[in-house]
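Working notes, beginning with the structure itself.
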Number of protein chains: 2
Amino acid sequence: MNLRDLAVELGLSQTTVSRALNGYPEVSEATRQRVLDAARQHNYRPNTRAKALATGRAMAIGHVIPLSTRTEMVNPVFADFIAGASETYMRHGYDIVLSVIGDDQEDRVYLDMASKRMVDGVIVQSPTVDDPRIALLRKVGLPFVVHGRATDLPDDYSYVDVNNKRAFQRATEFLVDLGHRRIALVNGRERLGFAVRRRTGFEAGLAARGLAPDPALMLTDEMTEGYGYAAMRHLLTQEDPPTACLSASAIIAFGMRRAADEAGVRLGRDFSLITYDDDLSFFRNSGDEAIFTALRSSVRTAGRFAAEQLIDLIGDPGTPRQRLMEAELIVGRSTGPLRHDTRP
Amino acid sequence: MNLRDLAVELGLSQTTVSRALNGYPEVSEATRQRVLDAARQHNYRPNTRAKALATGRAMAIGHVIPLSTRTEMVNPVFADFIAGASETYMRHGYDIVLSVIGDDQEDRVYLDMASKRMVDGVIVQSPTVDDPRIALLRKVGLPFVVHGRATDLPDDYSYVDVNNKRAFQRATEFLVDLGHRRIALVNGRERLGFAVRRRTGFEAGLAARGLAPDPALMLTDEMTEGYGYAAMRHLLTQEDPPTACLSASAIIAFGMRRAADEAGVRLGRDFSLITYDDDLSFFRNSGDEAIFTALRSSVRTAGRFAAEQLIDLIGDPGTPRQRLMEAELIVGRSTGPLRHDTRP
DNA sequence: AGTGTTATCCAAAGCGCTTTCAATTACCGG
DNA sequence: CCGGTAATTGAAAGCGCTTTGGATAACACT
């Protein structure tokens, strides 16, 4: 059933039917009702492709989710981020076009999306410190919102980000105030903007309390459970091991906890751990008391904001839309004051 | 830059340019080269929408990822599944259209996709025991491949599934053979096909060894870390607690391990745990020796198979394509023989 | 020279929709 | 009862591509 069939069936022109369906004013209420009823009855939906071609708007947003070329891993935050964005898209009638692509070929995908005219805008995930996609997208004139920020580029594009620097600075100061002096950072890969900002915040927090960072306590890698495990083992076996640590994701923290358990180190008593927590749905850090003391910021909410900003931007591509979210510091069971007695 | 511009620039007709680009034979090699060069030089890509409209093929596959209405959770396996499928799509020039939708409205989305003609086929995720989508999709004539299977419907549709029954039966027998008699099952929600099959396998395993299932040891809920934790606590505090358990996902198993650690119960010694393991990239159950004894089957591979079958099916919608994968039983550190002495 | 054949190219229709421009009808005040 | 305005509807062009059904030129063969 297409528009013409429907028009014939109703004894009307395609023009009128189209107008009735799209809520244009120049059609009488009586006919509109008639059209609407017939459309519902026949379960008619306009052909997306034809509509897109005629209007010049694809009513679709592109999401590119990068696949780590090294570890073949897809970061689970994307699922929650898209779930958040999706609510907004749905309300506005947008679809999502997804590409999963090695993180070394993303540029190509964005160029493709732009020249194939298949989306009205895109979300850029996990920007690197000097992400080339930003300049690229601007050049081809495709509206975009970045989830996160680059660090070495001027902030004159649209983004949704968490104030990572502030969050990690606060958490670091919190640990120092508990008496800890040797504090480690188990970070994500530092070619990514957010990881750099977290390290900067960490260092700023130490500096604010008159401490200097120890490079031996600053680790960086892909954020997997296995990495957390390895990192914790590595930290615990140093000659002068840290007594506290900041982790860049709950998944890392879980790995660290596993290593701690194995070593007989109890979190919150023998070792303090604060983790960044994206509030992933299948991995809630909550309960009567949070498992981990954490910097929490919902990646799902970020998805919603990004989607809203992008749709806004598509409607009026003027000034960039920017939003910085603050992470909450949730005190849970994985932190405590420095103990001066020996380990059990 | 569109086809006409390109044609004008080359002094050729759109027809010829189109043919040259699409590899039709009735164009001379000389002109084809000329066209190809010009296209590359201008970074020309055919407009997807126009092409889709003209050919009647959208060159896109629909994936619907269900959002649990109860817990607002999106199962992280979807990310890996899509990553797997994506490789295949990419090779064949297909895009992915994604919908994230409450699991009570999925029917509507599929109907929409069908009538809006925006995809050439769809993947059906997480089928319930008598999933209505199967009949629906067949009715509207949209090619589909199911990831998993229903249980109460005839198996006459295309699917990719793991032999869940066999896997859980084997694992159960493995535990019994280690001496365990009271074995628990921490399952997913049993309105889902795979969960029912897993329970069936579990019961079959017990029966094969002359044991009867104890309903008090069979739990079912959404597969989150928190559920695993709660389930383990619940099991350990029973008057006659189980000595072993089967878990339906690695994420559940992690929650169970947390509860075990807290209770001073050591996995592999005091309590044996076998988990189903989707081999998620950010959560590898491996290392020198796997953390968990596990039934492993890569969800990513399943994604690849499903994509291949769907593309095949679109090309020739004849007999259903079906594929049953076997899960490996990997012996790791979370299982051991029943100990008859008291707990430490 | 006339007739097929083959290789190469093109004009135009059509995919299903929106939208411009024009036509028709109804209505109103003078 | 008429000119003018508003309300309602339609015909047709166009979005960017594919594809059908020729057209033209080149060539070989009788």
Side-chain angles (χ1 to χ4, degrees), chain A residues 1-36 38-39 42-60 93-95 112-120 140, chain B residues 1-36 38-39 42-60 93-95 112-120 140:
Chain A
M1 171 65 59
N2 60 20
L3 189 66
R4 184 176 40 205
D5 296 346
L6 195 62
V8 168
E9 169 133 348
L10 283 161
L12 288 169
S13 73
Q14 293 190 40
T15 313
T16 305
V17 176
S18 170
R19 281 178 176 144
L21 256 24
N22 290 305
Y24 282 74
E26 58 274 73
V27 44
S28 74
E29 264 322 304
T31 28
R32 185 190 306 281
Q33 265 318 320
R34 218 157 61 81
V35 171
L36 253 32
H42 290 86
N43 196 36
Y44 168 79
R45 299 268 195 308
N47 180 315
T48 318
R49 285 134 32 181
K51 190 161 182 162
L53 188 56
T55 57
R57 315 196 55 183
M59 293 311 284
Y94 280 86
D95 292 307
D112 262 32
M113 284 189 166
S115 49
K116 287 160 75 181
R117 289 290 133 83
M118 56 184 319
V119 296
D120 299 321
V140 299
Chain B
M1 172 67 57
N2 59 23
L3 190 66
R4 185 176 40 202
D5 297 347
L6 195 62
V8 168
E9 169 134 348
L10 282 161
L12 288 169
S13 74
Q14 294 190 39
T15 311
T16 305
V17 177
S18 170
R19 280 182 175 140
L21 257 23
N22 291 305
Y24 282 74
E26 56 275 75
V27 44
S28 74
E29 264 323 303
T31 28
R32 185 190 306 282
Q33 265 319 319
R34 219 157 59 80
V35 171
L36 252 30
H42 290 86
N43 196 35
Y44 168 80
R45 300 269 192 308
N47 180 316
T48 317
R49 285 132 35 176
K51 187 159 184 165
L53 188 57
T55 56
R57 314 197 58 185
M59 292 311 282
Y94 281 87
D95 292 306
D112 262 33
M113 284 187 165
S115 49
K116 287 159 76 180
R117 291 289 134 82
M118 56 185 317
V119 297
D120 298 322
V140 300

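Chain naming here is simple, since letters A, B, ... match the order of the sequence lines and numbering starts at 1 in each.
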Check your understanding: C:dC9 phosphate, OP1 or OP2: any side-chain N/O from B:Ser28 under 4.0 angstrom?
Key -> yes
Exercise for review: Heavy atoms under 4.0 Å is the rule here; annotate nucleotides 11-18 of chain C 5' to 3' with B where the base is hit, S where only the sugar-phosphate is, and - elsewhere.
Suggested key: BB-BBBBB
Check your understanding: What pairs with A:Ala114 under side chain to side chain contact (heavy atoms under 4.5 Å, CB included), at least two apart in sequence or on another chain?
Key -> A:Val140, A:Leu142
Check your understanding: Just wondering, do A:Arg34 and A:Leu10 contact through their side chains at under 4.5 Å, heavy atoms?
Key -> yes
Point to revise | Bend angle of the helix from C:dA1-D:dT30 to C:dG30-D:dC1, end axes from five pairs each (to 10°) | key: 60°
Practice item. Only counting residues at least two apart or in another chain, list the ones meeting side chain to side chain contact (heavy atoms under 4.5 Å, CB included) with B:Glu9. Key: B:His42
Review point. Rounded to the nearest Å, what distance is computed from the CG atom of residue A:Leu21 to the P atom of nucleotide D:dT9?
Key: 14 Å
**Study point:** Nucleotide D:dT9, atom C1' - distance to CZ of A:Arg32 in whole Å
**Key:** 13 Å
Study note, to complete from the structure: Sorted by chain and residue number, the side chain to side chain contact (heavy atoms under 4.5 Å, CB included) partners of B:Arg57 (sequence neighbours excluded) come out as B:Thr55, B:Tyr94, B:Asp120, B:Ile314
Compile the donor-acceptor pairs under 3.5 Å between side chains in residues 46-53 of chain B and protein atoms, sequence neighbours left out, one pair per line.
| unit_1 | atom_1 | unit_2 | atom_2 | d |
| --- | --- | --- | --- | --- |
| B:Asn47 | OD1 | B:Arg49 | N | 2.7 |
| B:Asn47 | OD1 | B:Ala50 | N | 3.1 |
| B:Thr48 | OG1 | A:Lys116 | O | 3.1 |
| B:Arg49 | NH1 | A:Arg117 | O | 2.5 |
| B:Arg49 | NH2 | A:Ala52 | O | 3.3 |
| B:Lys51 | NZ | B:Asn22 | OD1 | 3.4 |

Point to revise | Listed partners of A:Ser115 passing side chain to side chain donor-acceptor pair (under 3.5 Å), at least two apart | key: none
Study note, to complete from the structure: Applying side chain to side chain donor-acceptor pair (under 3.5 Å) to A:Asp5 and not counting sequence neighbours gives none
Point to revise | Whole angstrom value for the distance that separates C1' of D:dT18 from CD of B:Glu26 | key: 12 Å
Check your understanding: With sequence neighbours left out, what residues match B:Arg32 under salt bridge (charged side-chain N to carboxylate O under 4.0 Å, His left out)?
Key -> B:Glu29
